[in-house]
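Because the structure is predicted, anything quoted here is derived from the model rather than measured. By convention in this document, chain letters (A, B, ...) are assigned in the order of the sequence lines, proteins followed by strands, and residues within each chain are numbered from 1.
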Amino acid sequence: MPELPEVEVCRRGLQPEVLGERMLGAIVRAPRLRLPLPATLGDTLAGQQVVAVRRRGKYLLLDCRGGVEDGALIIHLGMSGSLRFVATGAPPGNHDHVDLLFARQVLRLADPRRFGVVIWQPVGAPLHPLLAVLGVEPLADEFTGDWLFAATRGRTAPIKPVLMDSHLVVGIGNIYAAESLFRAGISPLRAANRISRERYRRLVAAIRETLADAIAAGGSSIRDYVHSDGGAGCFQVDCAVYGRAGEPCRRCGGVVRQVRQGGRSTFHCPSCQH
DNA sequence: CCGACAACCTGTGAGC
DNA sequence: TGCTCACAGGTTGTCG
């Protein structure tokens with residue numbers, strides 16, 4: 001489900017519910033997701049107070065203190081993960097793998113495909129390798145057209161998979177890569193090192209706008225649950241190109257095309273994007 | 001270093 | 001209706 005906007009919307013929904021709250025413990029029902037689940041998570045989280053709810057790329061971080069060991073609970077939702085508040089004692093479904101037990105409710109992680117990750121990061125320990133390799137935040141000031149231009153020298157791969165490389169820049173997945181490139185008028189097939197500095201400036205602006213719009217669209221619909229249920233894909237009101245193969249481009253009326261890049265579908269308008 | 005690809009899982013929808 | 005296949009929003013590891 002989640003790319004950066006979905007995770008950010010999730011974070012914003014989570015924060016008012018858990019910030020300052022204390023956990024009684026946790027229930028772990030699966031041995032592993034993408035990685036083994038921490039075996040003693042219940043003990044680790046018992047008595048912890050959530051003192052911050054942060055996001056890094058597509059990872060959610062709950063900073064905790066007051067238990068046996070201060071640290072951060074790190075959650076990645078993978079392709080199919082979701083977080084939802086349920087009443088204490090609510091019976092778990094098939095794919096409800098982890099419950100975080102708060103005094104008045106339960107934060108429940110479901111993940112049918114089990115591509116998600118839950119790890120415990122103690123304060124002072126070296127940053128977990130999964131997070132240590134992450135690139136820049138696309139909404140941070142340092143992410144500029146000039147930076148991206150410099151970072152893509154020597155990259156001969158098409159720009160779309162390069163945008164989705166989390167070692168370079170985090171949070172841009174299949175949907176928003178396609179949407180951002182459409183907004184910038186750049187072909188997803190163009191080699192990254194064959195795009196001018198000026199066009200990279202435009203691309204970075206397009207990425208920021210696309211992500212910000214998606215956050216705004218999702219953020220307006222949060223209430224008592226903290227995730228987008230995705231379904232067809234966009235929880236954005238509508239995508240310009242993603243998922244619209246064969247349909248008319250909203251800008252020029254031409255046909256939106258679907259191609260395959262690195263095993264994944266790419267949607268674009270060949271007449272608007274060069 | 002870079003890029004292409006398989007792999008990890010399950011659910012869903014299309015087509016027969 | 002029921003089966004099979006292709007595909008799905010992410011990321012890592014391997015290989016050339």
Next item on the list: For His76(A) and dC8(B), give me the distance from atom NE2 to atom P, rounded to whole Å.
Entry: 19 Å
Checklist line | Salt bridge present between Glu137(A) and Arg55(A) (N-O < 4.0 angstrom) | finding: yes
Notebook entry, point to check: From the list dA8(C), dT12(C), dG9(C), which nucleotide is the closest neighbour of the side chain of Val133(A)?
Noted result: dT12(C)
Note to self: Given the ring of Phe149(A), does Arg153(A) sit roughly above its face, with NZ or CZ under 6.0 Å from the centre of the six-membered ring and within 45° of the axis?
What the structure shows: yes
Checklist line | Phe115(A)-dC8(B) aromatic stacking (under 5.5 Å, under 30°) | finding: yes
Note to self: Does Gly173(A) reach a base, just sugar-phosphate, or nothing at all? Heavy atoms under 4.0 Å.
What the structure shows: sugar-phosphate
Margin query: Counting the atoms with a prime plus P, OP1 and OP2 as sugar-phosphate, which does Arg32(A) contact under 4.0 Å by heavy atoms, base, sugar-phosphate, or nothing?
Written below: nothing
Checklist line | Nucleotide of dC2(B), dG11(B), dG9(C) approaching Glu6(A) most closely (side-chain heavy atoms) | finding: dG9(C)
Check: What is the distance from CG of Asp111(A) to P of dC8(B), rounded to the nearest Å?
Finding: 16 Å
Margin query: Between Tyr176(A) and dG9(C), is there a contact of a side-chain N or O with OP1 or OP2 at under 4.0 Å?
Written below: no
Item checked: Minimum-distance nucleotide to His95(A) side chain [options: dG11(B), dG10(C), dC2(B)] -> dG11(B)
Margin query: Expressed as a whole number of angstroms, how long is the span from Ile119(A):CD1 to dT11(C):P?
Written below: 13 Å
Note to self: Would you measure the distance from the P atom in dC7(C) across to the matching atom in dC5(B) and give it in whole Å?
What the structure shows: 14 Å
Notebook entry, point to check: Between Ser265(A) and dA8(C), does any side-chain N or O lie under 4.0 Å from OP1 or OP2?
Noted result: yes
Next item on the list: Taking all non-hydrogen atoms of both residues into account, name the closest pair between Val170(A) and Gly57(A) and its distance.
Entry: CG2-CA, 3.5 Å
Item checked: Nearest-Å distance for atom pair CE/P, residues Met164(A) and dT11(C) -> 8 Å
Next item on the list: State which of dG11(B), dT11(C), dG3(B) makes the closest approach to the side chain of Lys58(A).
Entry: dT11(C)
Notebook entry, point to check: Between dC7(C) atom P and Gln261(A) atom CD, what is the distance in whole Å?
Noted result: 15 Å
Note to self: What I want to find out is whether Asp96(A) reaches Arg29(A) closely enough, with some N-O distance under 4.0 Å, to be called a salt bridge.
What the structure shows: no
Margin query: Using whole Å, what does the distance between atom P of nucleotide dT11(C) and atom CD1 of Ile74(A) come to?
Written below: 14 Å
Checklist line | Phe143(A) side chain near Ile207(A) side chain, heavy-atom distance below 4.5 Å | finding: yes
Notebook entry, point to check: Looking across every strand, which nucleic acid part, if any, lies under 4.0 Å from Leu130(A) by heavy atom: base, sugar-phosphate, or nothing?
Noted result: sugar-phosphate
Next item on the list: Nearest-nucleotide wise, let me know which of Arg153(A) and Gly263(A) is further upstream toward the 5' end of DNA chain B.
Entry: Arg153(A)
Check: Where the side chain of Thr156(A) is defined as all heavy atoms beyond and including C-beta, which of dC2(B), dG9(C), dT12(C) is the nearest nucleotide?
Finding: dC2(B)
Notebook entry, point to check: Is there a Watson-Crick or G-U wobble partner for dG11(B) with both distances under 3.5 Å, and if so, which one is it?
Noted result: dC7(C)
Next item on the list: In whole angstrom, give me the gap between the C1' atoms of dT12(B) and dT11(C).
Entry: 22 Å
Notebook entry, point to check: For residues Asp111(A) and Ser80(A), is any side-chain donor paired with an opposing acceptor at under 3.5 Å?
Noted result: yes
Notebook entry, point to check: So does Arg114(A) reach the base of dC9(B) with its side chain, donor to acceptor, closer than 3.5 Å?
Noted result: no
Notebook entry, point to check: Below 4.5 Å, heavy atoms only, C-beta onward: do Thr44(A) and Pro38(A) meet side chain to side chain?
Noted result: no
Notebook entry, point to check: dG3(B), dG9(C), dT12(C): which one has an atom nearest the side-chain heavy atoms of Glu3(A)?
Noted result: dG9(C)
Margin query: From CG of Leu131(A) over to P of dG10(C), roughly how many Å is that when rounded to an integer?
Written below: 17 Å
Note to self: Less than 4.0 angstrom between a side-chain N/O of Arg264(A) and OP1 or OP2 of dT11(C), yes or no?
What the structure shows: no
Check: Which whole-number value in Å describes the distance from Lys160(A) NZ to dA4(B) C1'?
Finding: 14 Å
Check: What nucleotide, of dA8(C), dG9(C), dG3(B), holds the atom closest to the side chain of Arg113(A)?
Finding: dA8(C)
Checklist line | Same-atom distance (C1') from dG11(B) to dT12(C), integer angstrom | finding: 23 Å
